Amino acid sequence: MNLTTTSAPLADLDVTQVELPGSEAYMRCATPWNVAVSSQPLAVVVAHDASDIQQAVRWAGSNDIGVAVQLTGHGAAAQLDSSILIHTGLLDECVIHPEGWARVGAGVRWAQVLEAAAAHGLAPLAGSAPDVGVVGYTTGGGLGPVARSYGFASDRVRAFEVVTGDGQFLRATPEENPDLFWGLRGGKGVLGIVTAVEFDLVRLTEIYGGALYFNTADADEVFRAWSSWCKALPEEATTSAAFLRLPPAPGVPAPLAGRTTLAIRFAWVGALADGEQELAPMRAVASPLIDAVGPMPYAALGAIHADPVDPMPVHEEHALLAELPASCVEEFLAHVGTETDSPQIIVELRQLGGAISKHGELPSAVSYRGAAFSLLTIGLGVPPMAQVAADDAAGLIAALDPWIADGTLPNFSAGNGRTRLTDAYDGSTLDHLLRVAHSYDPNVILTAHRALAGAAGQG
Ligand SMILES: Cc1cc2nc3c(=O)[nH]c(=O)nc-3n(C[C@H](O)[C@H](O)[C@H](O)COP(=O)(O)OP(=O)(O)OC[C@H]3O[C@@H](n4cnc5c(N)ncnc54)[C@H](O)[C@@H]3O)c2cc1C
């Protein structure tokens with residue numbers, strides 16, 4: 001049962017800061033990065049520490065109200081309405097241990113860790129967008145621009161501190177509460193609200209990376225060449241290809257605006273000269289409109305994908321591909337290539353394999369490591385274009401069906417698209433995750449737990 005604002009005794013909510021609809025802080029904390037997702041929680045609890053979260057969870061449990069968590073809203077799911085929302089922005093601890101690990105609060109975004117770690121010659125396994133939150137990303141596995149070399153970010157976690165749905169504040173490591181430690185790596189917010197995470201860093205300061213942007217006339221041919229070239233790349237290289245249909249807008253480079261272009265992203269963690277040599281065949285296919293690949297500080301990682309920074313309404317769909325033979329490439333181009341009027345703003349294929357396909361030292365809830373490519377479509381999330389983007393993405397995924405692999409990645413499965421939350425977990429992982437969730441959240445207070453249980457038919 002969900003109570004309304006009038007019947008829920010919000011006055012009994014004994015936390016440092018509660019924000020109600022109408023306040024500026026409520027708007028700031030509740031409005032997600034993906035503004036297409038409806039977000040009208042009953043109240044926002046701005047967590048000043050873990051005990052605020054414990055109080056909020058216990059209060060919600062007594063009132064049978066759901067509890068959601070958000071930092072940036074990059075992965076906003078439509079689960080916030082009629083719930084209270086914990087905002088973690090003030091949990092901003094960020095300590096780099098020069099011997100090679102970090103302790104980071106749930107309010108920290110990757111940009112801060114990239115910069116702080118770089119001062120010690122160290123690197124976190126951040127994602128493509130430095131504005132994404134460390135905890136939201138890492139609990140979803142975390143697949144970044146150097147993932148083929150170093151694997152999922154969640155495999156480097158040493159410890160979480162977390163408030164569970166029954167109001168306990170626990171530490172989860174391989175030895176302490178190992179079931180939580182297993183499931184928080186891949187399970188996102190299903191098992192609890194993380195307050196801090198500790199993880200290993202990589203010794204890396206400079207990479208050979210960036211993106212080549214090709215003009216409309218060359219894009220299809222370059223994509224065909226990329227699809228063969230990437231298969232021979234060693235693990236030092238991570239690459240993706242993205243068809244871009246970017247509108248003229250602030251921040252969009254003039255040569256890329258108002259036309260179809262192809263971005264070939266590349267990150268090489270070995271010797272810089274070897275990276276240049278590996279990329280040479282792509283530079284030889286056609287002359288890029290923009291050549292933005294070269295030696296770069298690892299901390300500038302965000303430049304590789306150049307993801308949009310400002311909040312925007314997006315409709316995302318995601319699937320995994322088992323392989324990318326020439327027949328699949330032609331089917332892909334028939335839906336996305338330059339001869340089409342694809343309504344998507346971005347359609348990207350990230351090459352997987354390498355370290356991504358290896359299991360971490362300890363098992364976790366990240367299920368599908370064996371796929372060859374990850375497909376992501378990003379369209380405009382406002383009516384009527386949202387429906388057009390959704391139908392188009394469904395058509396693309398149906399057309400690629402012969403090559404679609406089982407499963408999805410948790411970080412790309414929670415948006416407003418077709419993908420079901422349960423698709424991110426294989427059968428035994430889903431069962432185990434829900435069993436662990438139920439033991440720490442028997443009244444199903446956490447909205448992520450509610451959503452997964454509902455999607456699994458246990459709601
Ligand atoms: C532009 C863009 C680029 C991206 N690039 C990548 C990428 O390269 N690789 C990749 O793997 N993913 C990527 N993502 C997906 C992103 O990692 C997920 O959406 C992630 O969940 C965002 O975390 P957040 O805290 O910023 O977002 P939020 O929307 O604030 O949180 C999303 C979800 O994360 C979980 N979560 C957040 N905070 C907590 C917490 N304290 N405790 C427990 N659970 C929590 C919850 O389930 C929450 O609903 C990208 C997304 C966008 C929009």
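Both backbone and side-chain heavy atoms feed into the values below; hydrogens, waters and symmetry mates do not. As the structure lists them, so they are numbered: ligands from 1, and atoms in each ligand from 1. What you see is a predicted model, and the numbers here were worked out from it, not measured in a lab.
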Look at the aromatic rings of F266 and W229 and report parallel, tilted or perpendicular, splitting at 30° and 60°. tilted
Output field: ring centroids Y368/Y425 closer than 6.0 Å: no
Near L143, which atoms of ligand 1 are under 4.0 Å from a heavy atom of that residue? 7 (C), 8 (O), 9 (N), 10 (C), 11 (O)
Min heavy-atom dist A76 to ligand 1 below 4.0 Å: yes
Contact partition for D307 relative to ligand 1, non-hydrogen atoms under 4.0 Å: side chain
Counting heavy atoms only, which of K188, E348, H74 comes nearest to atom 21 (O) of ligand 1? K188
Cationic N near anionic O, under 4.0 Å, R156 to E198: no
So the atoms of ligand 1 within less than 4.0 Å of a heavy atom of G192 turn out to be 42 (N), 43 (C)
Is V132 in polar range of ligand 1, meaning some N or O pair under 3.5 Å apart? no
Is there a heavy atom of G73 sitting under 4.0 angstrom from any atom of ligand 1? yes
Atoms of ligand 1, numbered as shown, that sit under 4.0 Å from any heavy atom of G127: 8 (O)
Quick check on contacts: which atoms of ligand 1 are under 4.0 angstrom from a heavy atom of V135? 39 (C), 40 (C), 41 (N), 42 (N)
Thinking salt bridges, do R103 and D92 make one under a 4.0 Å N-O criterion? no
Is it true that E317 and H315 share a donor-acceptor pair across their side chains at a distance under 3.5 Å? yes
Sub-3.5 Å N/O-N/O distance, T88 and ligand 1: no
Interfacing atoms of ligand 1 (cut-off 4.0 Å, heavy-atom, A129): 3 (C)
R369 vs S357, side-chain hydrogen bond (donor to acceptor under 3.5 Å, both in side chains): CA-CA, chis, key distance, verdict: CA-CA 5 Å; R369 294 171 183 256; S357 59; over 6 Å; no
Does ligand 1 have an atom that lies less than 4.0 angstrom from a heavy atom of R350? yes
Show, in sequence, the C-alpha distance, side-chain angles and deciding distance for E161 and R171, and conclude whether the salt bridge (charged side-chain N to carboxylate O under 4.0 Å, His left out) test is met. CA-CA 5 Å; E161 283 167 7; R171 191 168 162 85; 2.9 Å; yes
For F214 and F223, I'd like to know if the aromatic rings sit close, meaning centre-to-centre distance below 6.0 Å. no
With a 3.5 Å distance limit and no angle check, can you tell me whether T408 reaches the backbone of A424 through a side-chain donor-acceptor pair? yes
Is it the case that ligand 1 has an N or O less than 3.5 angstrom from some N or O of T72? yes
Suppose I only count heavy atoms of G75 and a 4.0 Å limit; which atoms of ligand 1 are within that range? 19 (O), 22 (C), 27 (O), 28 (P), 29 (O), 32 (C)
Is N411 close to ligand 1, meaning an N/O of one under 3.5 Å from an N/O of the other? yes
At under 4.0 Å between heavy atoms, what of S128 touches ligand 1? The answer is both
Mark up the atoms of ligand 1 that fall under 4.0 Å of a heavy atom belonging to A106, in ascending order. 41 (N)
Subset of ligand 1 atoms that lie under 4.0 Å from at least one heavy atom of I193: 42 (N)
Does N411 offer a backbone N or O that forms a donor-acceptor pair with the side chain of Y137 under 3.5 Å? no
Return a yes/no value for F412: is any of its N or O atoms, backbone included, closer than 3.5 angstrom to an N or O of ligand 1? no
Taking it one step at a time, do D431 and S428 satisfy side-chain hydrogen bond (donor to acceptor under 3.5 Å, both in side chains)? CA-CA 5 Å; D431 286 349; S428 61; over 6 Å; no
Below 4.0 Å from ligand 1: does a non-hydrogen atom of A448 turn up there or not? no
Under 3.5 Å, is there a donor-acceptor pair between the Q17 and H48 side chains? yes
